[in-house]
Structure formats: structure tokens, C-alpha cells
Amino acid sequence: MVIERFKDGQPRPVYERAATGRLMPDGLRYVDSWVEANFARCFQLMECDDLTLLMTWIANWSDLVDFEVVPVVTSARAAAALPPAGR
């Protein structure tokens, strides 16, 4: 999960650049995104097998956005990773 904060609280430059494409390297997959109603933050779910792909994408946007990256898995995968009860 990528949490974006628009620099200077300005989402417009991000949307204008995004109109030309997401500037993602091959192998990085965009899943979906959600934006707070006040445009303070955007939450993007991205997938990749190579962290350098995500880092490259972040570098393409770091002039307009401050990023926080939180590795996540689905609830089903998290449940499967739990040790058996009683341990």
C-alpha cells in the first residue's frame, strides 16, 4: 500500500501529470487507488516482485508527492501465515 501526500496540499499537478500516464516501469502493477475526500492523501495498492521497480516509480513522482510504503498482504494470506492455535 502506497500512501501519498500531495506536496503543498496540491493534488492538481499530480492529476495533470497522471493524464499522460502513470510513469510505471514494466513489472510494477497498479491495482486501485482511493483518495480522501479532502484530497489530503491518496492510497494506492501496487504490486511488484522487485522493490526497485516501486522505488523507480516513486522517484518519478517525488517532486510532487511524499510517499509512505506499507507492505501488505490479503487477509486470507495473513490468516494462512498464523501459527496453529495454542502455540
Roughly how far, to the nearest 0.5 Å, is the [atom2] atom of [Y] from the [atom1] atom of [X]?
X: Met55; Y: Asn60; atom1: CE; atom2: CG; answer: 12.5 Å
X: Leu53; Y: Arg29; atom1: CG; atom2: CZ; answer: 9.0 Å
X: Ser62; Y: Phe67; atom1: OG; atom2: CZ; answer: 7.0 Å
X: Leu28; Y: Thr52; atom1: CG; atom2: OG1; answer: 10.0 Å
X: Glu36; Y: Cys42; atom1: CD; atom2: SG; answer: 9.5 Å
X: Thr56; Y: Asp50; atom1: OG1; atom2: CG; answer: 8.0 Å

| request: Give a yes or no answer on whether the side chain of Trp61 reaches the backbone of Arg22 with a donor-acceptor pair at less than 3.5 Å. | output: yes

| said: When you measure from the side chain of Asp8 to the backbone of Gln10, do you find a donor-acceptor pair of N or O atoms at a distance under 3.5 Å? | reply: no

Is there a continuous path of hydrophobic side-chain contacts, each under 4.5 Å between heavy atoms, that joins [X] to [Y]?
X: Phe43; Y: Leu54; result: no
X: Leu51; Y: Leu23; result: yes
X: Val65; Y: Ile3; result: no

| remark: Between Val73 and Arg77 the two heavy atoms that sit nearest each other are CB-CB, 4.2 Å

Is the closest side-chain heavy-atom distance between [X] and [Y] below 4.5 Å?
X: Val2; Y: Glu68; value: no
X: Leu45; Y: Trp34; value: yes
X: Ile58; Y: Met46; value: no
X: Tyr15; Y: Val35; value: yes
X: Val31; Y: Glu47; value: yes

| field | Lys/Arg N to Asp/Glu carboxylate O, Asp66 vs Arg41, below 4.0 Å | value | no

| message | side-chain contact (heavy atoms from CB on, under 4.5 Å) for Val72 and Met1? Distances and angles first, verdict last. | response | CA-CA 6 Å; Val72 297; Met1 175 69 65; 4.1 Å; yes

| message | Between Tyr30 and Trp57, is the ring centroid distance below 6.0 Å? | response | no

